Protein chains: 2
Amino acid sequence: MSKQNPLPVIAEECCAPLAREPISKDDAAELAKVLKAVADPVRLRLLSLIAARDEETCVCDLLPEFDLSQPTISHHLKTLREAGLIGSERRGTWVYSWVIPQALDRLSALFDTAREEAGVR
Amino acid sequence: MSKQNPLPVIAEECCAPLAREPISKDDAAELAKVLKAVADPVRLRLLSLIAARDEETCVCDLLPEFDLSQPTISHHLKTLREAGLIGSERRGTWVYSWVIPQALDRLSALFDTAREEAGVR
DNA sequence: TTCCTGTATCGACCGATGTCAATATCGGCC
DNA sequence: GGCCGATATTGACATCGGTCGATACAGGAA
């Protein structure tokens, strides 16, 4: 386990919106990893369940939301963690997760179609 | 081929930002399809190359950007088209593509983390 | 220490996906 | 009509990815 995201795929900023200028090969490869992490119905729901809470979410609260085995959910959470989308921490018996807003913000900005100025800001 | 997107996966609006409320199973399944379409380095670059232009893009201009066979690029373009992310039209010998901004806007809104009001609008 | 509950890892299975070569189709042109 | 260049479709192949059961690990409680 890890206090923060173990493999912070998205270290820091990266690339302007898709519509601003052609993305580089390297940026495309890195972003595709993150997008693959969210491109799954189960992980989308996990991410949403975690993100929609004000507080950290216990894995034990996520399990009953799905008709899937515990190892499968654990696997999906690991995927989200390795993509830098969520963080997790064990506290006693339970493991709690939270979203990393910067990761969502980057994806939101990636698909931004605003045509005006702005730069990377 | 098709003048517009043949399988408009994203018919119209759908779902608030992930962080606002837990997404439904159906919405998650539908959004995952669209996200799978962009969760590939080649398709991300294709989308960006098309989106970053002011005018429609000829497929013949896209091919030399990649070290991939023509059928492979054609296949990826079809994937983007079926996801409702781009439109295509044949004009004479060539086929031209353009992005569908509403599709990008939806993805951008999906990952929005703004906490305040807003509704769907 | 020993048990018990919550979570992670392992190994296997199988369907989905990216890629190519071969071939088909579409339109323009001669 | 017949040819040719641009794009699409087909079929095959290899790899990837989601799922499970079995099992390992962590930590609290008795």
Side-chain angles (χ1 to χ4, degrees), chain A residues 1-3 5-7 9 25 28-29 32-47 49-50 56-83 85-98, chain B residues 1-3 5-7 9 25 28-29 31-47 49-50 56-83 86-98:
Chain A
M1 187 101 294
S2 54
K3 208 168 196 67
N5 35 323
L7 302 179
V9 173
K25 279 190 185 182
K33 287 184 192 171
V34 183
L35 287 168
K36 275 184 199 299
V38 292
D40 177 276
V42 173
R43 289 193 293 268
L44 265 184
R45 290 183 58 210
L46 280 171
L47 193 59
L49 283 166
I50 297 172
E56 302 174 357
T57 308
C58 176
V59 172
C60 59
D61 289 331
L62 295 171
L63 288 175
E65 297 290 329
F66 299 85
D67 293 330
L68 293 169
S69 69
Q70 175 269 320
T72 296
I73 299 299
S74 182
H75 164 70
H76 283 305
L77 287 172
K78 182 180 184 181
T79 300
L80 291 172
R81 225 180 300 127
E82 291 182 345
L85 289 160
I86 65 172
S88 298
E89 182 183 21
R90 175 179 286 263
R91 275 205 296 278
T93 305
W94 297 276
V95 172
Y96 295 87
S97 304
W98 59 90
Chain B
M1 187 102 289
S2 54
K3 207 168 196 68
N5 34 322
L7 301 180
V9 174
K25 279 190 184 181
L31 281 166
K33 287 184 191 171
V34 183
L35 287 168
K36 276 185 198 299
V38 292
D40 177 275
V42 173
R43 289 193 293 268
L44 264 185
R45 289 184 60 211
L46 280 171
L47 193 60
L49 284 166
I50 297 172
E56 303 175 357
T57 308
C58 177
V59 173
C60 59
D61 288 333
L62 295 171
L63 287 176
E65 297 290 329
F66 298 85
D67 294 328
L68 293 170
S69 70
Q70 174 268 322
T72 297
I73 298 300
S74 182
H75 163 71
H76 284 305
L77 287 171
K78 181 179 184 181
T79 300
L80 290 173
R81 224 180 300 126
E82 291 182 346
I86 65 172
S88 299
E89 183 183 21
R90 163 166 248 135
R91 276 204 295 280
T93 305
W94 297 277
V95 172
Y96 295 86
S97 303
W98 58 89

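A note on names: the letters A, B, ... follow the listed sequences, proteins ahead of strands, and every chain is numbered from 1. All values reported here derive from a predicted model rather than from experimental measurement.
Residues B:Ser97 and B:Thr57 have side chains that never bring a donor and an acceptor to within less than 3.5 angstrom of each other.
Under the side-chain contact (heavy atoms from CB on, under 4.5 Å) test applied with B:Thr79, the options B:His75, B:Glu82, B:Arg81 reduce to a single match, B:His75.
Residue order along DNA chain D, read from the 5' end via each residue's closest nucleotide, puts B:Asp61 first among A:Ala39 and B:Asp61.
Atom pair B:Lys78:NZ and C:dG18:P shows a separation of 13 Å (rounding to whole Å applied). What separates CZ of A:Arg90 from P of D:dA24 is a distance of 17 Å, to the nearest Å. Note: CZ (A:Phe66) to C1' (D:dT19) measures 14 Å, nearest angstrom. Note: NZ (B:Lys36) to P (D:dC16) measures 16 Å, nearest angstrom. The CG atom of B:Leu35 sits 17 Å away from the C1' atom of C:dT17 (whole-angstrom rounding). Between the CD atom of A:Gln70 and the P atom of D:dG18 there is a distance of 17 Å, given to the nearest Å. In this structure, A:Leu68 places its CG atom 14 Å from C1' of D:dG17, rounding to the nearest Å.
Nearest heavy atoms, A:Ala37 versus A:Leu85: CB-CD1, 3.9 Å.
Contact annotation: B:Arg81 reaches the phosphate of D:dA8 (side-chain N/O to OP1 or OP2, under 4.0 Å). Residue B:Ser74 has a polar side-chain atom (N or O) positioned under 4.0 Å from OP1 or OP2 of D:dA8. For A:Thr93, no side-chain nitrogen or oxygen approaches OP1 or OP2 of D:dG28 to under 4.0 Å. In terms of phosphate contacts, A:Ser69 brings a side-chain nitrogen or oxygen within less than 4.0 Å of OP1 or OP2 of D:dC20.
Looking at heavy-atom distances under 4.0 Å, A:His75 makes contact with a base. At the heavy-atom level, A:Arg43 lies under 4.0 Å from the strands shown only through sugar-phosphate atoms. Across all strands, A:Ile73 comes closer than 4.0 Å to no nucleic acid atom at all (heavy-atom distances).
Of the candidate nucleotides D:dA8, C:dT7, D:dT19, C:dT7 has the atom lying nearest to any side-chain atom of A:Trp94.
With B:Arg45 contributing its side chain and B:Phe66 its backbone, the two residues share no donor-acceptor pair below 3.5 Å.
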